[in-house]
Amino acid sequence: MKNTLFLGALACTALTAGVAGAATLDEVKARGTLNCGVTTGVPGFAEPDANGVWQGFDVAVCRAVAAAVLSDPNAVEFVPTTGKTRFTALASGEIDMLARNTTWTFSRDVDLKFEFTGVNYYDGQGFMAPKDLGVTSAKELDGATVCIQTGTTTELNLADFFRANGISYEPVPIETGAEAVQQYNAGACDVYTTDASALAAQRANFEDPAAHVIMPEIISKEPLGPLVRHGDNEWADIVRWTLNALITAEELGVTSANLNELAAGSDNPEINRLLGTEGDLGGMLGLDADWAERAIGVAGNYGEIFEKNIGESTPIGLARGLNAQWTDGGLLYSPPFR
């Protein structure tokens, strides 16, 4: 009897999950827009331009999903969220996916009932201070005041780091990155700590970036990536494999320049499966054959998106590092399209 009840409950759970997943895709299609949660503004990652149009590395993921599902990369409603509001916005259904600097952790995945669909940036927490402070290591920060965003993993990592090193600090709690920069530049705190990529992004907009140093210590692992609600299995697959399509395109040499040519067919079977000229991978997702071609066509492959928004030729100047393809010694690795 117990086994029967267990199997019945399992079947019910599977059915509920399947309905929830289908509902999200259907709602997005019926609405005609993708509601995508982003940060309130981090240069290079997600920020409105002078015309109010959202641009950036994370924004490109939202637009790629919109192109895959709705055939329109501009059919996105961007919803700015803070460290505190982002999870409520996702859990309540205000947004269909969250694509901002959010770290994949055990408790967020399991306890908060979210589904991380991959990693689009491997990061770590760092520290920035004015050069005039004369500090070259985070271990020299005993007694410092530290600007820290509440409701984030950086807040917890900060406490762990100072406790482990037997030093003290005074937190200066803030809500958004913009507020952190304002407080830091106003001298309200000695040090600003957050993901190292965000520090580099914010520093690039300073009046004199060279007057500020990012210290060598990286005190945590911060795998950042898009997420959806638990139970949205079909929707999670779409978001996951759209990100994988951008990563795989770079690995296979599919670029914005040769996309149209390769989409007509090639000698590489995986490129053909990716771009829909062989097999029916799109149908398995509930999409058409050209879904990945449209996603890649928005802003190019992962590498092109990286270089345009945050790469070494931009003011932010981030090297690929851990975010290089696995074939180049990095951690970027997509499961195969087959």
Side-chain angles (χ1 to χ4, degrees), residues 39-40 42 45 58 81-88 90-91 98 100-116 118-131 133-185 187-203 212-227 318-319 321-323 330-331:
T39 182
T40 53
V42 175
F45 284 86
D58 290 330
T81 63
T82 67
K84 283 188 173 180
T85 65
R86 54 185 164 173
F87 298 131
T88 302
L90 181 58
L98 184 63
R100 52 156 288 159
N101 49 328
T102 298
T103 303
W104 187 347
T105 70
F106 182 99
S107 58
R108 289 172 176 177
D109 196 335
V110 178
D111 190 42
L112 293 185
K113 308 300 184 197
F114 294 132
E115 183 87 8
F116 282 81
V119 177
N120 73 323
Y121 193 91
Y122 290 93
D123 210 343
Q125 183 173 339
F127 296 87
M128 178 169 64
K131 189 175 290 186
L133 194 64
V135 175
T136 58
S137 167
K139 294 180 180 179
E140 300 171 5
L141 294 174
D142 191 19
T145 54
V146 184
C147 280
I148 180 74
Q149 288 188 57
T150 55
T152 63
T153 55
T154 55
E155 189 176 21
L156 305 176
N157 297 335
L158 180 66
D160 287 349
F161 176 78
F162 274 78
R163 184 174 62 187
N165 286 280
I167 54 179
S168 64
Y169 70 100
E170 181 182 340
V172 179
I174 44 89
E175 292 284 337
T176 67
E179 183 185 350
V181 168
Q182 182 182 24
Q183 294 282 67
Y184 171 78
N185 282 326
C189 55
D190 300 314
V191 182
Y192 176 30
T193 184
T194 189
D195 298 337
S197 63
L199 292 177
Q202 300 288 13
R203 184 177 65 170
H212 304 266
V213 295
I214 297 176
M215 296 171 203
E217 290 91 353
I218 297 295
I219 68 169
S220 68
K221 294 183 294 184
E222 306 293 332
L224 311 178
L227 58 155
L318 294 175
L322 295 178
N323 297 289
L331 297 180

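Using a distance-only test at 3.5 Å, with no hydrogens or angles considered, no donor-acceptor pair links the side chain of Arg203 to the main chain of Ala200. The backbone N or O of Glu175 sits nowhere less than 3.5 Å from a side-chain atom of Thr150 that would complete a donor-acceptor pair. A donor-acceptor contact shorter than 3.5 Å links the side chain of Thr82 to the backbone of Lys84. No donor-acceptor pair under 3.5 Å is formed between the side chain of Gln202 and the backbone N or O of Ala198. At least one donor-acceptor pair closer than 3.5 Å links the side chain of Arg100 to the backbone N or O of Thr81.
Once rounded to the nearest 0.5 Å, the distance linking OH of Tyr169 with OG1 of Thr145 reads 12.0 Å. Within the model, atoms NZ of Lys221 and OG1 of Thr105 stand 11.5 Å from one another, a figure rounded to the nearest 0.5 Å. Within the model, atoms CE of Met128 and OH of Tyr184 stand 4.5 Å from one another, a figure rounded to the nearest 0.5 Å. One finds the CG atom of Asn323 at 8.0 Å from the OH atom of Tyr122 (value rounded to the nearest 0.5 Å). The CG atom of Asn101 sits 6.5 Å away from atom CG of Leu224, with the distance rounded to the nearest 0.5 Å. Rounding to the nearest 0.5 Å gives a distance of 8.0 Å between CD1 of Ile174 and SG of Cys189.
For the residue pair Pro226 and Gly118, the shortest heavy atom distance occurs at CD-O, 3.9 Å. What you find for Pro223 and Val119 is that their closest heavy atoms are CB-CG2, 3.9 Å. The nearest pair of heavy atoms linking Ala201 to Val42 is CB-CG1, 3.9 Å. When every heavy atom of Thr102 is checked against every heavy atom of Leu98, the shortest pair comes out as OG1-CD2, 3.7 Å. Residue Val191 comes nearest to Ala129 through the heavy atom pair CG2-CB, 4.3 Å, listed as atom of the first residue, atom of the second, then distance. Closest of all the heavy-atom pairs between Gln183 and Cys147 is CB-SG, 3.9 Å.
No donor-acceptor contact under 3.5 angstrom links the side chains of Gln149 and Thr154, judged on distance only.
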Give every donor-acceptor pair under 3.5 Å between a side-chain atom in residues 137-144 and any protein atom, sequence neighbours left out.
{"residue": "Ser137", "atom": "OG", "partner": "Lys139", "partner atom": "N", "Å": "3.1"}
{"residue": "Ser137", "atom": "OG", "partner": "Glu217", "partner atom": "OE2", "Å": "2.4"}
{"residue": "Glu140", "atom": "OE1", "partner": "Thr136", "partner atom": "N", "Å": "3.2"}
{"residue": "Glu140", "atom": "OE2", "partner": "Thr136", "partner atom": "OG1", "Å": "3.3"}
{"residue": "Asp142", "atom": "OD1", "partner": "Ser168", "partner atom": "N", "Å": "2.8"}
{"residue": "Asp142", "atom": "OD1", "partner": "Ser168", "partner atom": "OG", "Å": "3.1"}

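The only option from Thr194, Ile218, Asp195 that meets the side-chain contact (heavy atoms from CB on, under 4.5 Å) definition with Asp123 turns out to be Asp195. Of the candidates Leu199, Thr152, Ile148, Ile148 is the only one forming a side-chain contact (heavy atoms from CB on, under 4.5 Å) with Thr193.
The aromatic rings of Phe45 and Tyr121 stand perpendicular to each other, their planes meeting at an angle above 60°, with 30° marking the opposite boundary.
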Go through Arg108 and Leu227 one step at a time and tell me if the side-chain contact (heavy atoms from CB on, under 4.5 Å) criterion holds.
-> CA-CA 10 Å; Arg108 289 172 176 177; Leu227 58 155; 5.9 Å; no

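Taking the six-membered ring for Trp, His212 and Tyr192 have ring centres at least 6.0 Å apart.
Asn157 is not listed as a side-chain neighbour of Phe161, based on a closest heavy-atom distance of 4.5 Å or more. Proximity of Leu158 to Phe127: side-chain heavy atoms (C-beta onward) are separated by under 4.5 Å at one or more points.
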